[in-house]
Structures are given as C-alpha cells and as structure tokens.
Chemist: 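This is the structure I have questions about; it appears just below.
Nothing fancy with the numbering, it's 1 onward along the sequence.
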Amino acid sequence: MTEFWLSKDGKQFTLGDKESAEFPFDVSVFPTDLNKDGKEELFLIFGNTFTSGNTGSNAVAYIRDKTGKYIANLGFPAATPEALTTSNLGYPDLLITGPGFEFPVWRWNGKEYAFYRKQKVDEVSYAKLKSVSIDTISKKYMAALK
C-alpha cells in the first residue's frame, strides 16, 4: 500500500516521515482499463530525487484481484510506464523507462506484473516498439467514459 501525507504547505505530498517532509512531491493518477474487462486499474507516478534517486519518480500500478481488492504492482523508481504491443493474459507488457539505454519489460503473469526481460533501447529500436504511454492510454480511457 502506498501512503502519502499532505505536505506542510498543503499543495504536495510526502511519505510521512520526518526526512521526506523536507522534500514534498506531486502525485499523478492515471486510471485505465488495460485488459478491457470493465474493471479499472490505477497507475500512480510520484516522487522526486529524494524518494526515487536519479529516475526522479516512482511507479505503482493498482490492479484488482479476483475479489475486487486493489493489489499494488511495480512500486519502484521508474518513469511513466509504456504499454507495448506484446501482451500476456490480456494485459500489455510494460516497458519501464528511466536513466540508461536498457530498460526492464514487465509481463502480467495472472496475479501481478513480474520482470520478463530487458529491452535495449536506442533510437532505432525504440521507434520500432510502437509503445504507448500510460498517460495517453489513461486520457483515451477517461474520454471514453464521458
């Protein structure tokens, strides 16, 4: 579970401990329906270099289990995930970008997103991936709800 506390100025968040109170951050929430089953998944992107190192943000995906309870997935320093055209069990593989030239790809195993493989990402191979940002997927999902 991810727990945020309101910062002193009331405009951002912290992790609730004394150290992180000095380094507030924003939280972006991206609702989606990745597997088109009518049950919403949520992606949270939050943090800064204090909470997330050189990446500057953390990514957490909340996906409902069979009982309807949201279960946290990912939960580590990462930029906004990108959905690839490859998938497993109805969920797209996720490319987790960050600093460097080789990024992890996470695959749904029926219960959670688990590390699947590394993807070398130079300009040519990245263009061939045809990935879509979770931000873009979320915007399309929200527009369809209206």
Side-chain angles (χ1 to χ4, degrees), residues 1-7 9-16 20 23-146:
M1 180 174 171
T2 303
E3 188 171 307
F4 302 122
W5 293 69
L6 199 56
S7 64
D9 66 4
K11 296 178 182 178
Q12 292 181 296
F13 297 92
T14 71
L15 296 177
S20 71
F23 302 96
F25 52 83
D26 293 322
V27 178
S28 297
V29 179
F30 301 102
T32 66
D33 184 4
L34 292 178
N35 64 342
K36 312 282 189 266
D37 67 352
K39 296 176 186 172
E40 194 169 81
E41 294 89 36
L42 300 171
F43 283 81
L44 275 64
I45 307 300
F46 67 93
N48 51 36
T49 54
F50 178 80
T51 63
S52 314
N54 288 338
T55 305
S57 61
N58 281 10
V60 179
Y62 288 96
I63 300 174
R64 292 181 192 259
D65 65 12
K66 291 179 182 180
T67 68
K69 179 181 175 187
Y70 277 108
I71 305 297
N73 284 256
L74 309 176
F76 49 78
T80 303
E82 297 184 27
L84 300 175
T85 56
T86 55
S87 65
N88 192 49
L89 303 173
Y91 286 87
D93 293 343
L94 299 177
L95 178 71
I96 308 293
T97 60
F101 300 101
E102 194 170 83
F103 304 128
V105 173
W106 293 73
R107 175 166 270 193
W108 183 252
N109 66 14
K111 292 185 179 183
E112 65 183 359
Y113 269 101
F115 176 77
Y116 177 57
R117 63 181 168 83
K118 289 272 191 182
Q119 174 72 47
K120 185 175 179 185
V121 181
D122 54 31
E123 286 184 43
V124 174
S125 61
Y126 186 72
K128 290 179 183 178
L129 287 177
K130 299 180 183 176
S131 62
V132 180
S133 169
I134 291 300
D135 179 26
T136 300
I137 292 170
S138 179
K139 285 177 184 173
K140 287 181 182 178
Y141 171 74
M142 295 301 292
L145 293 177
K146 294 180 181 178

Chemist: Mind checking whether Tyr91 and Trp108 have parallel, tilted or perpendicular rings, split at 30° and 60°?
Modeler: tilted
Chemist: Nearest 0.5 Å, please: how far is NZ in Lys130 from CG in Leu84?
Modeler: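 Rounded to the nearest 0.5 Å, the CG-NZ separation comes to 12.5 Å.
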Chemist: Can Asn58 and Leu44 be said to form a side chain to side chain contact (heavy atoms under 4.5 Å, CB included), step by step?
Modeler: CA-CA 8 Å; Asn58 281 10; Leu44 275 64; over 6 Å; no
Chemist: Indicate yes or no for a side-chain donor-acceptor contact from Asn73 to the backbone of Ile71 under 3.5 Å, with no hydrogens or angles considered.
Modeler: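 At least one qualifying donor-acceptor pair exists.
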Chemist: Using every non-hydrogen atom in the two residues, find where Gly38 and Asp33 come nearest and quote the distance to one decimal.
Modeler: N-OD2, 2.8 Å
Chemist: Is there a side-chain contact between Leu74 and Leu94 in this structure, where contact means two heavy atoms from C-beta onward sitting under 4.5 Å apart?
Modeler: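 They are in contact (side-chain heavy atoms under 4.5 Å apart), so the answer is yes.
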Chemist: Side chains of residues 139-146: which donor-acceptor partners sit under 3.5 Å, not counting sequence neighbours?
Modeler:
unit_1 : atom_1 : unit_2 : atom_2 : d
Tyr141 : OH     : Glu40  : OE2    : 2.7

Chemist: Are more than 12 heavy atoms from other residues, nucleotides or ligands located less than 6.0 Å from atom CG of Asn54?
Modeler: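 No - once you tally the heavy atoms of other residues, nucleotides and ligands closer than 6.0 Å, there are 12 at most.
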Chemist: Do you know the tightest heavy-atom contact between Ala114 and Asn109?
Modeler: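 So the minimum-distance heavy-atom pair works out to CB-ND2, 3.9 Å.
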Chemist: Between Phe46 and Phe4, does a ring pair (Phe, Tyr, Trp, His ring centres under 6.0 Å) hold up when you go through it step by step?
Modeler: CA-CA 10 Å; Phe46 67 93; Phe4 302 122; 4.8 Å; yes
Chemist: Between Trp106 and Phe115, is a side chain to side chain contact (heavy atoms under 4.5 Å, CB included) present by the stated rule, with each step listed?
Modeler: CA-CA 4 Å; Trp106 293 73; Phe115 176 77; 4.2 Å; yes
Chemist: Rounded at 0.5 Å granularity, tell me how far OG1 in Thr80 sits from CG in Leu95.
Modeler: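 That separation rounds to 12.0 Å.
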Chemist: Roughly how far apart are Ser57 OG and Phe25 CZ, rounded to 0.5 Å?
Modeler: 11.0 Å
Chemist: Which atoms form the tightest heavy-atom contact between Thr14 and Ser20, and what is the distance?
Modeler: CG2-O, 3.6 Å
Chemist: Just verifying a value: how many Å separate Asp65 CG and Lys39 NZ, rounded to the nearest 0.5 Å?
Modeler: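 Spacing of CG (Asp65) from NZ (Lys39) equals 9.0 Å.
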Chemist: If you measure from CD on Glu82 to CG on Leu129, what distance do you get to the nearest 0.5 Å?
Modeler: 8.0 Å
Chemist: Of the options Asp93, Asp135, Ile96, Thr97, which is the one that meets Pro81 in a side chain to side chain contact (heavy atoms under 4.5 Å, CB included)?
Modeler: Ile96
Chemist: Quick check: closest heavy atoms across Pro31 and Ser138, and the distance to 0.1 Å?
Modeler: O-OG, 2.8 Å
Chemist: Do you know the tightest heavy-atom contact between Val60 and Ala72?
Modeler: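 Shortest heavy-atom contact: CG1-CB, 4.1 Å.
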Chemist: To the closest 0.5 Å, what do you measure between CD1 (Ile45) and CZ (Phe30)?
Modeler: 6.0 Å
Chemist: Given Ile63, which partner from the list Tyr113, Tyr70, Phe43 fulfils the side chain to side chain contact (heavy atoms under 4.5 Å, CB included) test?
Modeler: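 Exactly one candidate clears the test, Tyr113.
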Chemist: With a 4.5 Å heavy-atom cut-off, do Asp26 and Phe13 have their side chains touching?
Modeler: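 Not touching, per the 4.5 Å side-chain cut-off.
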Chemist: So with a 6.0 Å cut-off around NZ of Lys118, is the heavy-atom count from everything else above 12?
Modeler: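 It does: Lys118 NZ has more than 12 such atoms within range.
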